[in-house]
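Below is one structure; the comments refer to it alone.
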Amino acid sequence: AQKVTQAQTEISVVEKEDVTLDCVYETRDTTYYLFWYKQPPSGELVFLIRRNSFDEQNEISGRYSWNFQKSTSSFNFTITASQVVDSAVYFCALSEAFSGTYKYIFGTGTRLKVLA
Amino acid sequence: KAGVTQTPRYLIKTRGQQVTLSCSPISGHRSVSWYQQTPGQGLQFLFEYFSETQRNKGNFPGRFSGRQFSNSRSEMNVSTLELGDSALYLCASSWGGTQYFGPGTRLLVL
């Protein structure tokens, strides 16, 4: 069965600190996709990144970086030099790549509070 | 391109009523999915439509239904509302395996 675990319910950091959000997934598929979304207080889920199961390269985008490790079934997200605007709930999600359907399994989310 | 739009943004209903929510996908996207988000259950998949056909369905009772039109716009309907249906309902349109979400409809059932 598919499962996504975000063990950190809430994290508080002071502005400019680095913070890592953990994501561990379970799937029997060999081909799958992993995602990170940001949900600000407005409610809309904002797409951040997608990673395919066959691509284990780490990704960096500005202050954001992602570390995908198939050996530990983890897809962690690091924000460098955090800012108050980073405060939001962050979701990790898994999608299997069969039949071309789009059904995401989401983790429970990590609420990040960045204090000025 | 314009993003995913959802209407209405807020709704208040009473138990036993029914409600219809609307979603317009990003232009060119043919897949539309619906999710329910509650504090207790988190984000749960409701169903997905592609070219007017339901392609996948989550574990929700038959009171939850949906449809998709030829222009890819989608509606979801909840009949005989219960207090537990109070939630944020999110719609997503998909392209190439990635879902892009709308702002959601906040439904409060009294």
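In what follows, every heavy atom counts, from backbone to side chain, and hydrogens, waters and symmetry copies are set aside. Note that the structure is a prediction, hence the values are computed from the model and not measured. Proteins come first, then strands; the chains are lettered A, B, ... in the order of their sequence lines, and each starts at number 1.
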Please check if the side chain of A:Tyr104 supplies one atom and the backbone of B:Gln99 the other of a donor-acceptor pair under 3.5 Å. yes
Quick one: closest heavy-atom pair of B:Phe101 and A:Leu45, and the distance? CB-O, 3.5 Å
Residue B:Asn71 excluded, over 12 heavy atoms near CG under 6.0 Å: yes
Is the number of heavy atoms from other residues, nucleotides or ligands under 6.0 Å of B:Leu83 CG greater than 12? yes
Does atom CZ of A:Arg111 have more than 12 heavy-atom neighbours from other groups under 6.0 Å away? no
Partner chain A: residue of B:Ala92, B:Pro103, B:Gly102, B:Gly42 with the largest heavy-atom pair count (under 4.5 Å): B:Pro103
Student check: side-chain heavy atoms of B:Tyr100 and A:Glu44 closer than 4.5 Å: no
Trace of the ring pair (Phe, Tyr, Trp, His ring centres under 6.0 Å) decision for A:Phe106 with B:Phe45: CA-CA 9 Å; A:Phe106 282 90; B:Phe45 173 77; 9.9 Å; no
Would you indicate whether A:Gln57, at its atom CD, is surrounded by more than 12 heavy atoms from other residues, nucleotides or ligands within a distance under 6.0 Å? no
Trace of the side-chain contact (heavy atoms from CB on, under 4.5 Å) decision for A:Gln39 with B:Leu90: CA-CA 12 Å; A:Gln39 187 175 42; B:Leu90 291 161; 4.3 Å; yes
Please classify the contact between A:Thr108 and chain B as side chain, backbone, both or neither, with a heavy-atom cut-off of under 4.5 Å. neither
More than 12 heavy atoms of other residues, nucleotides or ligands under 6.0 Å from CZ of B:Arg63: yes or no? yes
Tell me, for B:Gln41 versus chain A, whether the close heavy atoms (under 4.5 Å) come from the side chain, the backbone, both or neither. neither
Mark yes when over 12 heavy atoms from residues, nucleotides or ligands other than A:Lys70 sit less than 6.0 Å from its NZ; otherwise mark no. yes
